[in-house]
Amino acid sequence: MKWRHWLLLPLMLALAAGLGYTVLSLPDQAHGLQGAVADQLGKSGVSNPVTAVLLNFRGYDTLLEMVVLTLALLGVWSLGAQPAVHAESIPGPVLDMLTRLLVPILIMVAAYLLWAGAHAPGGAFQAGAVLGAAGVLLLLTGWRLPPRGAGYPLRVALVVGVVAFLAVAALPLPGGRHLLEYNPTYAGVLILIIEAFATVSIGVTLAVLFFGADPADKEPR
Amino acid sequence: MSVPFLYALVGIGLFCLGFYALIVHNHLLRKILAINVMGSGVFLVLVALARRGGETPPDPVPHAMVITGIVVAVSATALALGLMLKVKAATGRAALPDQSRD
Amino acid sequence: MEAMTWLSWSFDAFIGLGLLWLAWRVLACSDLFKAIVLFIAFGLFMALVWVRLAAPDIALAEAAIGAGLTGALLMAALARLRED
Amino acid sequence: MQTVLSEIPWALVLILLPLAGGIACFVLTAAVRWLGLLTASLVPIAAGGLGWQLSREGVYRHAVGGWGAPLGIDLHADGLSLLMLAMTAFVGFGVSLYATGYFKSAHAARFWPLWLLLLGALNALFLSGDLFNLYVTLELVGLSAVALTALQGGRDALTGAMRYLLATLLGSLAYLLGVALLYHGYGTVDLALLSERVAPSPVVWAVLGLMSAGLILKTALFPLYFWLPPAHASAPAPVSAVLSALVVKASFYILLRLWLEIFSDISVDVAGLFGLLGAGAVLWGSLQALRQTRVKLLVAYSTVAQIGYLFLAYPLASGMGATAWSAMAYLVFSHALAKAAMFLAAGNLRQFGDHDRIADLDRVVQRLPLTAGAFALAGVSIMGLPPSGGFNGKWLLLQAALAQGRWDLVGVMFLGGLLAVGYVFKVLSNTFTQAPVTHEPISVPARMQWAAMLLATSAILVGFLASPFLALVGMGDPFNVGELWP
């Protein structure tokens, strides 16, 4: 078994050397798209160029990426129940207190990141991740979704980001315009709406992925 | 060597290191970590090379691509971890059975 | 000025080598729990690199998703793996 | 009426409709079957609409967001995209019809959202003209395919899905590194712009290596096929059909596009390597198929072999482009139909006898005539016997090889054909006789049998439609050869 690994090592070094040579062969000056982005930034509705690329210029990628996240959740849920984490992880008073303190702060941080994304570093994914972290903390302290919320309401919260994105994407089509084409006057508002719904969905999805299985899943394990 | 090329080479190193570990290790959790390290390497190449040529504001397009990539990576990791637990439950080991013996 | 550039360059070289060393430890150390902790550290180091590369948006995403939530997912999976 | 039809953006409908359908199925769990079947029946109509639009207005381009490449993402459809979309729509409909009978309630609620999202992802992939966007669609396809493989659980399916996931992620990352290098070499990820800008350089060579290796792994071309047989053989029957018929074609399509747009001018030697691997796949896959004792594993290895034929077109295209690419288009399409039919029939056999051991198939011809017939008709196309789509493809490929004096490839095709006859008849001959171990048959719903029959018959019928078929595929000259044969 081991000799195969030794055989692999020179191959990997050759691969690294080849790729390294390729990287060094690139010119010293980048000629990317920063100029094109800067030219159109005024029409994008936001002033943070990364957000402009993510939600406007290449918004279609981001739409599909939201579907990727939903798909991961569908995949994990379709595997059925997972073993529950053992009782030893029941939190002590410290974690409990920390959670009470942290969760409201995290939610406020998420809201700030969402709002700031238009002009400064931040945006839906960072905000959603922070929201997800708040959810993970709650789950760690033993909080569970009440059964009434576990079915339909949870599923709606999970997909509301994709649905809002799809709706905004398809909106210009009946008028004969392009997919995801925003009117520059409303672009900022539309982006904020998409991001707000996306943040909720991303946060809930990440927290639910941490939980492991569909809380409404009654299948015996 | 300029800083962008330095980090791009580190990215290539991470890619190859992760690739090697992915093949060599049997434990599935380790393979999942290896895939993540490989991914970080690719992201590093993508962003570092955009810094070539100095202090002008960086190209935001690779930045947006990497944020997309990070979300794709966490999605794939979540599915892989769920699958790994099911493999463990079904076979008793968090490793893939040797195919040649099947 | 020359000294500043040199200092900044060696700082980057240090981070780059540290990143490679961390990745190697993540993939080679014998204990899985330790590997995950190292992976989270690796993610935080990555966030530092993104800052160095003038990419604060990625730094935020990496710290929150790459290190934070991926780390939490890995920890939860390891705990479940050791259940039985 | 005509103006209304031509104003509908059919390409966008093909992407948005299944995505919306999948999400609706996820939320409205009670109505999944009807929502699912409805969506899957509307997709072929949209594909037909796109075909009509293309034939009237020529190549379709859509700048998402109105920005246009290189800043934005461009969608693009020509005859080759249409071929893949029509294949997806048609196989997708047959499989959906089958799935309404196959999955029971708990699994149905999990199957339909995943399957419709996969359908939307495949359509998005075949319509994308942007390399990074292709990466995202590739991951969508990969993750949904893996989740579907593991859907019903079981030791083999779970380990098969895990192996599949690791392989597909590795392939995607190699591809993505190639995208990164291309972007930094040429300042765009738009395929059309790249084809104008790319010139031979170390970057292009590295990208060719990375992307080819990653996509070959995802296409399961010999010798990187290790993950395919366990995954395709252990997945639920409708999922196996989708994996073999459509999912491996997704990465194959990207590689083909890259070849046609970027790499063919850079290197002809690599075409020879692709041909060599293809020949290896034909021989090795067929031999392995012949050795199997279970129906689904046999059919899965047959996929390994049939993928090989697709790569034989690369070396032959340098001399006789029109003939070789026509052959490949025919093989892609007819293999999808025939292989889906075969996997669906295999699923019926398995449900009927609660096993899929070839030796223990018990008088299936008398008791399950439609299924046995579907398997036989699909077998005709896979073996390449006339009249069938498979025959047209293999005949054209043979012509290209003969005309260029490639006797080695002629020999490979001849041997591959003989071995295919061997493995198809290995199954068929056991369907007539009484098995040593008899069993109580379990009834198979009629629509599951008719779904297999529908796809198998289409694989035969497409053989009669050579000139309209090739005229459609040649729209917009995706292969840069002018008119396709004949």
Side-chain angles (χ1 to χ4, degrees), chain A residues 4-5 8-9 11-13 15-16 19-20 22-24 26-38 41 48-55 57-58 61-62 64-66 68-73 75-80 82-83 123 125-126 128-129 202 205-206 209-210 212-213 221, chain B residues 1-2 4-21 23-26 41-42 45-46 48-54 56-89 98:
Chain A
R4 282 214 313 237
H5 301 168
L8 205 59
L9 213 54
L11 282 176
M12 286 296 148
L13 289 175
L15 177 70
L19 290 174
T22 310
V23 163
L24 293 179
L26 285 166
D28 282 332
Q29 204 69 34
H31 41 79
L33 293 167
Q34 58 268 49
V37 172
L41 195 60
N48 175 359
V50 178
T51 305
V53 175
L54 266 178
L55 271 302
F57 305 141
R58 296 186 69 91
D61 276 344
T62 311
L64 292 182
E65 173 200 356
M66 293 286 300
V68 173
L69 198 60
T70 313
L71 205 51
L73 179 94
V76 170
W77 277 15
S78 75
L79 293 170
Q82 300 282 5
F125 290 102
Q126 294 86 345
I202 294 166
T205 306
L206 290 172
L209 280 174
F210 176 79
R221 53 159 158 142
Chain B
M1 190 193 318
S2 65
F5 284 105
L6 173 80
Y7 278 121
L9 287 185
V10 171
I12 295 289
L14 291 177
F15 182 82
C16 295
L17 200 64
F19 187 19
Y20 179 75
I23 298 175
V24 166
H25 285 293
N26 284 322
V42 178
V45 173
L46 198 49
L49 290 175
R51 282 292 280 166
R52 282 172 299 155
T56 50
D59 184 357
V61 174
H63 293 199
M65 288 175 180
V66 167
I67 290 179
T68 304
I70 288 175
V71 177
V72 170
V74 74
S75 307
T77 304
L79 182 61
L81 290 172
L83 208 47
M84 172 188 80
L85 291 173
K86 284 288 167 185
V87 168
K88 166 87 193 300
D98 195 349

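- Of the atoms belonging to A/L13, not a single heavy atom falls under 4.5 Å from chain B.
- If you tally non-hydrogen atom pairs under 4.5 Å between each of A/A72, A/G212, A/P27, A/A16 and chain B, the highest count goes to A/P27.
- In this structure A/T70 satisfies the side chain to side chain contact (heavy atoms under 4.5 Å, CB included) test together with A/V159, A/V162, sequence neighbours excluded.
- Of the atoms belonging to B/A50, it is backbone heavy atoms, and not side-chain ones, that fall under 4.5 Å from chain A.
- Ranking A/G32, A/A213, A/A30, A/G35 against chain B, the residue ahead of the rest is A/A30, based on heavy-atom pairs under 4.5 Å.
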Passes side chain to side chain contact (heavy atoms under 4.5 Å, CB included), A/V68 versus B/V71? Steps please. CA-CA 8 Å; A/V68 173; B/V71 177; over 6 Å; no
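- A/L209 touches chain B through its side chain: at least one heavy atom from C-beta onward sits under 4.5 Å away, while N, CA, C and O do not.
- Each of B/A48, B/A78, B/A89, B/G13 has some count of heavy-atom pairs under 4.5 Å with chain A, and the biggest count is that of B/A78.
- For the pair B/A8 and A/V23, the tightest heavy-atom approach, listed with the atom from each and the gap, is CB-CG1, 3.7 Å.
- In this structure, the salt bridge (Lys or Arg N to Asp or Glu O under 4.0 Å) partners of A/D61, at least two apart in sequence or on a different chain, are A/R58.
- Here the CG-CG distance, from B/L79 to A/L79, works out to 6.5 Å after rounding to the nearest 0.5 Å.
- Proximity of A/L11 to B/Y20: side-chain heavy atoms (C-beta onward) are nowhere separated by under 4.5 Å.
- Chain B forms the most heavy-atom pairs under 4.5 Å with one residue out of A/M12, A/Q126, A/Q29, and that residue is A/M12.
- Both the backbone and the side chain of A/V76 come within contact range of chain B, judged by heavy atoms closer than 4.5 Å.
- The contact between B/L49 and chain A is made by backbone and side chain atoms together, counting heavy-atom distances below 4.5 Å.
- Using a 4.5 Å cut-off between heavy atoms, B/I70 makes no contact with chain A at all.
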